[in-house]
Amino acid sequence: MSRFIPFPLRYDAMPIDISASFGNEKPAGKHGFLRRDGAHFAFEDGTPARFWGVNFNGGACFPEAWYAEKAASRLAMTGINIVRFHQLDAEWNTPNLFSFSKGERIGTSRRLHPESMKRLDYLIKCLKEQGIYVYLDMNTYRKFKSGDGVENAWGMDDAGKPYEHYNRRLIELQKEFMFQIWNHKNPYTGLMYKDDPVIVLSETVNESNLIHPAFPMTAEPYVSEFRKLYRAWLDKHQLTDDAERIDLNDNTNPTLHAFKIQVMTEFQQEMYDYMRKIGVKIPITGENMMTDLGIHRSNACMDYMDSHAYFGGPDWGEVKRTCHSVAPTQCPSFNMESLAGMRDLKRPFFVSEWDMPWPNEYRAESSVLFAAIGGLQGWAGWCIHTYAYSARLYNVDVLGHEVSSPIGGRPYREGVFSTWNDPAKYGLFYHAALITRRGDIREADQAIELLAENLQAQGGPLALRTATELARTGVLFEGESPSAEAVVRQSDRIIPDTATEVTSCTGELYRSWAKNYGVIDAPRTKAIYGFLGKNGEIRADGLSVQAKTDYAVIALSSLTDEDISSSDNLLLTTVGRAQNTGMRYEDDQMYDPGHAPVLIEVIEAEVAIRTRRTDLICWAVNAEGYFVGKVPSQYEAGWLKLSLGQTMPSMYYLIQAE
């Protein structure tokens, strides 16, 4: 029978602080501005740049000063070194960039609110002091208004989607905002945003394009405007189509599709050129909703590629709330192919949104698995969506319910994606940050490019299946030169449909969707995850696990520069299911989210670690960061053997020389 114990994570601290494991990286910006270095990022002084981070959504971007200090410190303790400021411009936030509080009617979105900017400025200052960089969004959820000189403002979706790609008034307003934000001077740093190397990445527009069915063209006068532009383009290229009566949302029409790609390409180039014109120095990307290979091509002018991936998410309505709990170790594919299918091997790749949200009971696999795949692929980094929607987390003591009711008409925004206090995800960020920032997983020495035309013919990125766990994988368009290191595949699937497991070309990653477990096996970080109880003893090089609990993630990292076998300071984390007390979740339906405290399932396992040392003691660490006591252990023929879970059960264990 499962045992659960309280393990609440606090808003203002973490049980363990691993910031020293990364050396002296404070303040952020000490290495100069971020630059593209071939397929990777590096700072001006040549220091390689890899990022593990979070999104701050909406109101979370505008905390009070005391909270900003605590939040920045807490992030650094966990190993995070980047925060993406997302949804800063959303009308439903309090504050947002244009409004500090609700009550006063503000009829324009053309002025940055001074109080909002004061809070944002101070947050940036705090992050910078803690060695944490900033990814600054541009147009995400801005609600254009009639006071902005915009026609039918309330007939458009947030951000003017998708009309912001071609309507000249919307384009000029976007440029005006870019000028304002990049030339804003932060009084706490003395630098304009464009001159502060703490800001490392930016994008032109978030999740908006002319192709995705989520953004249909329905509002006038913008539909008529697009028809006029399309008709002129047809005439110019001597092409035939019925611009007046065609369904503009039909993306099966190749002529219309080609025009949309051209419009998006011209938009991206114009916005990129403008940011460069006003002095933005950092790498810029375009649209990050990479659901179509044409969208990929429209971003060809950008410095890096960015895309989003979610797995095992909920269908969260106001009344009916469901989530099908499924684990990556149960599936041949878990949406990583959507990232690999949009990657250009010649440019850096960043994942600015990913998640495997609560209440999926197997979400503990995601943090270390995704970080490990990113390391193998040589991706630049990750930001989970999201850390939080609010800066009032001192009032929050449960999972999945951060605010009193849905925000902006989206039920999931009440906290389903909120990560900051989730032991099953955020609790493993220590290991994910170490994997990513230190480069614990070797980048693959093999690479495969697929011709985009063949990939599309096979049904799109799904044809890649588990290739992201095998070798570096990307897409090549007709007429482009392949990467010097890559093998170009024609039409064969990289991983056969009959396969039940995959091992990376480096030998450091293994996953079986038949046995339902995976292994991460690198010198400084090792993890065994999935349905362990039924599989008996599972081994990595220098790590053996035999779990009694049916489902678990057991991760081990050196907190020093030495390998696990030599280190005098190791972090061992054991976690599986995490839930609220009294949570009622049956048959994929949430009937009651429960109440505090947050509980974790006790992981019972026999763990053996090969080590050259003979002076290590294993301490159980509680949620407050206190040593609970020594864990029963013994040395045997160069192995430290631990019995976990029966006495002094915890999630965290520090194994340190006495």
Side-chain angles (χ1 to χ4, degrees), residues 14 16 18 21 50-54 78-80 309 311-312 327-331 334-336 339 351 354-357 360-377 379 381-384 419 422-443 466 468-469 502-504 506 508-513 516-532 538 540-543 545 547 549 551-559 564 570-578 600 603 605 607 609 651-653:
M14 284 293 287
I16 294 166
I18 69 164
S21 299
R50 293 181 289 264
F51 303 100
W52 182 261
V54 297
T78 321
I80 286 166
F311 176 74
T329 47
Q330 294 176 315
C331 308
F334 54 98
N335 209 25
M336 287 299 99
L339 298 175
V351 185
W354 72 273
D355 208 345
M356 185 175 168
N360 189 319
E361 62 181 319
Y362 307 127
R363 63 193 183 278
E365 294 185 18
S366 61
S367 299
V368 291
L369 174 57
F370 287 21
I373 290 173
L376 179 77
Q377 289 292 323
W379 294 342
W382 303 75
C383 285
I384 196 169
T419 301
D422 187 354
K425 278 190 299 184
Y426 195 78
L428 284 159
F429 269 32
Y430 292 125
H431 302 279
L434 291 165
I435 287 170
T436 303
R437 293 179 60 185
R438 294 192 309 196
D440 282 5
I441 301 299
R442 286 188 289 123
E443 184 174 343
T466 56
T468 47
E469 297 164 88
V502 60
T503 300
S504 68
T506 62
E508 292 183 337
L509 306 185
Y510 167 83
R511 186 174 64 89
S512 169
W513 47 98
N516 307 129
Y517 76 85
V519 177
I520 297 168
D521 192 359
R524 287 189 291 184
T525 291
K526 301 179 188 294
I528 296 174
Y529 61 91
F531 296 83
L532 309 186
I538 304 173
D541 183 16
L543 176 66
V545 168
T549 314
Y551 176 79
V553 176
I554 297 177
L556 177 69
S557 291
S558 169
L559 297 182
I564 287 170
L570 302 169
L571 174 62
L572 177 64
T573 302
T574 65
V575 67
R577 298 174 180 89
I600 59 169
I603 306 302
V607 175
I609 304 165
M651 173 175 171
Y652 295 124
Y653 302 90

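Residue numbers run from 1 in the order of the sequence given.
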Applying salt bridge (charged side-chain N to carboxylate O under 4.0 Å, His left out), name anything that partners [X], two or more places apart in sequence or on another chain.
| X | result |
| --- | --- |
| D440 | R438, R524 |
| R50 | none |
| R511 | E469 |

Just jot down the side chain to side chain contact (heavy atoms under 4.5 Å, CB included) partners of [X], sequence neighbours excluded, or say none.
| X | result |
| --- | --- |
| N335 | A309, E337, S338 |
| A371 | W52, A432, I435, T436 |
| A527 | I520, A555 |

For [X], what residues pass the side-chain hydrogen bond (donor to acceptor under 3.5 Å, both in side chains) criterion, not counting sequence neighbours?
| X | result |
| --- | --- |
| T78 | Y426 |
| T506 | S504 |
| Y362 | none |
| T549 | none |

Would you please name every residue forming a ring pair (Phe, Tyr, Trp, His ring centres under 6.0 Å) with Y517, sequence neighbours left out?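 Checked Y517 against ring pair (Phe, Tyr, Trp, His ring centres under 6.0 Å); matches are Y510.
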
Contacts of type ring pair (Phe, Tyr, Trp, His ring centres under 6.0 Å), residue Y430, not counting sequence neighbours: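 Y652.
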
Report yes or no: do H431 and S557 form a side-chain donor-acceptor pair below 3.5 Å?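 Present: a donor and an acceptor within the cut-off.
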
Before you tell me yes or no, could you show the steps for L570 and S558 under side chain to side chain contact (heavy atoms under 4.5 Å, CB included), namely the whole-Å CA-CA distance, both residues' side-chain angles and the distance that decides it to 0.1 Å? CA-CA 5 Å; L570 302 169; S558 169; 4.0 Å; yes

Keeping the roles fixed (side chain from [X], backbone from [Y]), state whether a donor-acceptor pair exists under 3.5 Å.
| X | Y | result |
| --- | --- | --- |
| T525 | A522 | no |
| R363 | A578 | yes |
| N360 | G312 | yes |

Report yes if the side chains of L376 and T468 come closer than 4.5 Å at any heavy-atom pair, otherwise no.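 No; the side chains remain at least 4.5 Å from each other.
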
Could you tell me whether the side chain of F334 reaches within less than 4.5 Å of the side chain of L369, counting heavy atoms only?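 When only atoms from C-beta onward are counted, F334 and L369 do touch, with a gap below 4.5 Å.
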
Taking L434 as the fixed residue, which of V368, L559, L571 is the one that meets the side-chain contact (heavy atoms from CB on, under 4.5 Å) rule?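 Of the listed options, the one satisfying the test is L559.
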
What distance separates L428 CG from D422 CG, expressed to the nearest 0.5 Å?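 Nearest 0.5 Å value for the CG-CG distance: 9.5 Å.
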
